[in-house]
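Below is one structure, written out as structure tokens; comments come after it.
Numbers for residues simply follow the sequence, beginning at 1. Small disclaimer: the values here were computed from a predicted structure and weren't measured.
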Amino acid sequence: MRPALILATVTGLVLGVTPASAEPADQARQRDFRAAAAEFGVPESVLLGVSYLESRWDANAGTPSTSAGYGPMHLTDVRTANTGGTHHDEGTEDPRGDDSRPRLDPEPGPPVEQLPKLQTVNDAAALTGVSTEDLRADAKQNIRGGAALLAKYQKEIGAVGDNAADWYGAVARYGGAGDTGSAATFANEVFATINQGVERVTDDGQRVKLAATSVQPNKQQLDKLGLRKSSSDNTECPRTLACEWIPAPYQELPDNDYGNHDKANRPESQEIKYIVIHDTEGQWDGVLKMVQDPTYVSWQYSLRSADGHVAQHVKAKDVAWQAGNWFINAKSIGLEHEGFAKLGTWYTEAMYRSSAKLVRYLAAKYRIPLDRAHIIGHDNVPGTTPATVRGMHWDPGPYWDWAHYFDLLGAPFRSTGNLGLVTIKPDFATNKPAFIGCVKAGEPCTPRGSTSVILHTAPDANSPLLKDPGLRPDGSPGTMEISDHSSRVETGQQYAVAEVRGDWTAIWYLGQKGWFHNPRKAPNAVGGVGFVVTPKQGKATVPVYGRAYPEAAAYPAHITPQALAPLQYTFSAGERYSLGQALQSEYYWATTFDPANHTVVRGKTKYLQIQFGHRIMFVNADDVDVRPSFWR
């Protein structure tokens, strides 16, 4: 051993300092951040804060995010990620889902040329001398690449020094925004994280901590970036969130048609009961082109992956064509998040945080409860009739982190006692179902954290999965195909307990008992209490519906009554399903360009929303009894 090394080692032992080689293995990433910060002259708190807002310090097994970003520092490489797709990849649903109008089968526009900001890995390679392959796959080199980029951005705006407050401009640029509002939102979140502090264990078991540090950033640096000045005028967003108004066109089309949404007067005309979480199945610029096409579909908000930027397209008072079910459309607000459900990509922390801020604002404004009966995924929206069930979309998919999302909403999923209900809640980081078909049919997906829990026909991991006659009309059991949720429940959903055997719990699901592994030491659900719905005494079965439409007598003479078509499922005596909410029957008749002719039809029939399977469904309140969940 060289004398200098011996001296350093002895000095460390005398002073009680642990040599880096002897530090715990699960702190390697913390050391990598420290070393990269020192190498490139970036304040360690800034490097940690930026990385947290991009990836929460996760490695994600070297796979890309929804905006083609790799590793803890989200170095982008769209050429390698080759992300792409359209809403047609998810299913064949009619986005309007309204039987009173012709089926809508919109065709998306051509692919959009990718922007240079989605190729930052090349700049990082030039700055570090590390190959793009290593920058994508090696977390340590990825962190070095991100630090090098931050240092480059800091130098280009003419700022110097190691004071974290003077790195606001470099942080704002790192988010990749093209406008001042979005850049500021990203930078503000980074510095809020630095001020608050955070620590967690990453997806690959690394313990990382950002100690709370009081920093008042120099926000005047934003003016040095030469970004487009943005305005949130005309948008419906919280003040702390940068939004821009990019309207979806309300426009007449040939043959007495029009698009791409309907005018309304919510909530005065109809209550808004749901917020629907989607992913775009396309990248940002292409998505914006589609929503501005009057012949395409619409949604209220789009959220960008890289920095969490928000664009609003349809006012909350109006009805967007977004969920494939007209009853849900008429009573919901749709949020599209840049992403790809089928490709097994991951969602950035910046987008989660922007989305949570927006949903908290909307939920408070329209009095929407923060639970999974009201904040639903597109994959939870039911088909309208038996014929439409199979084609319904299934985004945002099993990799959307519902538990983390509801933590950000301030409504975490907690146990309320083992009183007849369970709330699904696996550990996201360690719960890695063996899905197939993310990239190629039949091939295993990259193992990654998921909020999905798989159901079996018996308390045995080798037993078959359940059957879903709507998705698989041939009677075959469900599969582990990424798009097949025949036998799958999601985090936050509540189900009635049917039976418990040792480490296995059975719930009622689509008229069957579905078993999932639920050991006490590593549970996949927490206990709950609430209300359950069961058939009235004397009824062997009751129908379930995909929409809560009025009885025929409620319709005025000029409006054709909508069919009350039960879905192809059986709700039998003895089964119980968790109650989501009670609903008055309602149908919004909007088939003409002139909104003066639009009519809200209300009936006397009352419905109850239940968690019947992976998707919510409805039952006629007269067919069922409502009981406390602990009732037997």
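Ile424 places a side-chain heavy atom less than 4.5 Å from the side chain of Phe516. At a threshold of 4.5 Å between non-hydrogen side-chain atoms, the residues Leu608 and Leu583 do not count as touching. With a 4.5 Å cut-off on side-chain heavy atoms, Leu455 and Ile507 count as touching. Looking at Lys273 and Ile368, their side chains never come closer than 4.5 Å, going by heavy atoms from C-beta outward. Looking only at side-chain heavy atoms (C-beta outward), Ile376 and Ile616 come within less than 4.5 Å of each other. With contacts defined as side-chain heavy-atom distances shorter than 4.5 Å, the pair Val619/Pro543 does not qualify. Side chains of Val529 and Leu421 form no contact here, defined as non-hydrogen atoms less than 4.5 Å apart. Taking 4.5 Å as the limit, some side-chain heavy atom of Glu586 sits within range of a side-chain heavy atom of Gln270.
A distance of 6.5 Å separates CD of Glu336 from OG1 of Thr280, quoted to the nearest 0.5 Å. In this structure, CD1 in Ile610 is found 11.5 Å from OH in Tyr545, a value given to the nearest 0.5 Å. Separating the CZ atom in Phe186 from the OG1 atom in Thr348 is a distance of 8.5 Å, to the nearest 0.5 Å.
For Tyr352 and His404, the ring centers are positioned less than 6.0 Å apart. Annotation: Tyr587 is in aromatic contact with Tyr549 [ring centroid separation under 6.0 Å]. In this structure, the ring of Phe327 has its center no less than 6.0 angstrom from the ring center of Tyr588. Ring pair Trp400/Tyr405: centre-to-centre distance below 6.0 Å. A distance of 6.0 Å or more separates the ring centres of His278 and Trp299. For Trp508 and Tyr495, the ring centers sit 6.0 Å or farther from each other. Separation of the His74 and Trp346 ring centroids falls under the 6.0 Å cut-off.
Using a cut-off of 4.0 Å between Lys/Arg side-chain N and Asp/Glu carboxylate O, Glu551 and Lys604 are scored as not salt-bridged. One finds no salt bridge joining Arg266 and Asp318 here, because no Lys/Arg side-chain nitrogen approaches an Asp/Glu carboxylate oxygen to under 4.0 Å. Ion pairing between a basic and an acidic side chain is recognised when a charged N comes within 4.0 Å of a carboxylate O; Asp99 and Arg547 show such pairing. The pair Asp484-Arg472 meets the salt-bridge criterion, with a side-chain N (NZ, NE, NH1 or NH2) lying under 4.0 Å from an Asp/Glu carboxylate O. A salt bridge does not link Lys342 with Asp395: every distance from a Lys NZ or Arg NE/NH1/NH2 to an Asp or Glu carboxylate oxygen is 4.0 Å or more.
Between the Ser450 side chain and the Pro398 main chain, a donor and an acceptor come within less than 3.5 Å of each other. Using modelled atom types, one side-chain atom of Asp279 and one backbone atom of Ala341 make a donor-acceptor pair closer than 3.5 Å. Formation of a donor-acceptor pair under 3.5 Å by the Asn60 side chain with backbone atoms of Ser55 is not found in this model. Remark: the backbone N or O of Pro72 is paired with a side-chain donor or acceptor of Ser51 at under 3.5 angstrom. Under the 3.5 Å distance criterion, the side-chain polar atoms of Gln562 are left unmatched by any main-chain donor or acceptor of Leu564. Between the Asn620 side chain and the Asp622 main chain, a donor and an acceptor come within less than 3.5 Å of each other. When atom types are taken as modelled, the side chain of Thr385 and the backbone of Ala565 share no donor-acceptor pair closer than 3.5 angstrom. Formation of a donor-acceptor pair under 3.5 Å by the Ser629 side chain with backbone atoms of Phe531 is not found in this model. Looking at Asp371, its side chain does come within 3.5 Å of a backbone N or O of His374 through a donor-acceptor pair. Gln493 places no side-chain N or O within 3.5 Å of a backbone atom of Arg372 that could act as its donor or acceptor partner.
Side-chain contact annotation: Ser302 with His313, donor-acceptor N/O pair under 3.5 Å present. Residues Gln312 and Gln300 have side chains that never bring a donor and an acceptor to within less than 3.5 angstrom of each other. A side-chain N or O of Thr193 and one of Arg353 form a donor-acceptor pair less than 3.5 Å apart. When only modelled atom types and interatomic distance are considered, Ser585 and Thr605 share no side-chain donor-acceptor pair under 3.5 Å. Residues Asn188 and Thr185 have side chains that never bring a donor and an acceptor to within less than 3.5 angstrom of each other. Inspection of the Glu490 and Ser452 side chains reveals an N or O donor paired with an N or O acceptor under 3.5 Å. A side-chain donor-acceptor contact under 3.5 Å links His485 and Arg615.
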- Could you check Thr451 against Asp401 for side-chain contact (heavy atoms from CB on, under 4.5 Å), going step by step and ending with a plain yes or no? CA-CA 6 Å; Thr451 54; Asp401 191 345; 3.9 Å; yes
**Asked** Could you walk me through whether Thr345 and Thr66 pass the side chain to side chain donor-acceptor pair (under 3.5 Å) check?
**Response** CA-CA 5 Å; Thr345 47; Thr66 57; 5.6 Å; no
Practice prompt. Could you go through the side-chain contact (heavy atoms from CB on, under 4.5 Å) check for Ser415 and Lys425 one step at a time?
Written response: CA-CA 10 Å; Ser415 173; Lys425 191 185 177 186; over 6 Å; no
Exercise. Give the C-alpha distance, both sets of side-chain angles, the deciding distance and a yes or no for side chain to side chain donor-acceptor pair (under 3.5 Å) between Glu189 and Tyr52.
Key: CA-CA 10 Å; Glu189 282 294 328; Tyr52 189 84; over 6 Å; no
How far apart are the C-alpha atoms of Ser486 and Asp468, what are their side-chain angles, what is the distance that settles it, and do they pass the side chain to side chain donor-acceptor pair (under 3.5 Å) test? CA-CA 5 Å; Ser486 301; Asp468 183 337; 4.6 Å; no
**Request:** Decide yes or no on side-chain contact (heavy atoms from CB on, under 4.5 Å) for Cys438 and Leu343, but give the supporting numbers first.
**Result:** CA-CA 5 Å; Cys438 287; Leu343 292 179; 5.9 Å; no
Assess the residue pair Arg390 and Glu93 against the criterion (side-chain contact (heavy atoms from CB on, under 4.5 Å)); give the C-alpha distance rounded to whole Å, side-chain angles, the decisive distance to 0.1 Å, and a yes or no. CA-CA 8 Å; Arg390 195 176 186 186; Glu93 71 175 30; over 6 Å; no
query = Hey, mind stepping through Asn524 and His517 against side chain to side chain donor-acceptor pair (under 3.5 Å) and telling me if it holds?
reply = CA-CA 7 Å; Asn524 283 311; His517 196 227; 5.1 Å; no
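The number of heavy atoms from other shown groups lying within 6.0 Å of CZ (Arg367) does not exceed 12. Lys315 NZ: more than 12 foreign heavy atoms inside a 6.0 Å radius. The local environment of CD in Glu268 is crowded, with over 12 non-hydrogen atoms from other residues, nucleotides or ligands closer than 6.0 Å. Surrounding NZ of Lys209 are at most 12 heavy atoms belonging to other residues, nucleotides or ligands under 6.0 Å away. In this structure, Arg200 places its CZ atom where more than 12 heavy-atom neighbours from other residues, nucleotides or ligands lie under 6.0 Å away. The local environment of CD in Gln581 is crowded, with over 12 non-hydrogen atoms from other residues, nucleotides or ligands closer than 6.0 Å.
Ring geometry for Tyr577 versus Phe612: interplanar angle of 30 to 60°, hence tilted. Below 30°, between 30° and 60°, or above 60°: for Trp402 and Phe406 the angle between ring planes is between 30° and 60°, a tilted geometry.
For the pair Arg448 and Tyr399, the distance from NZ or CZ to the six-membered ring centre is under 6.0 Å and the angle to the ring normal is within 45 degrees.
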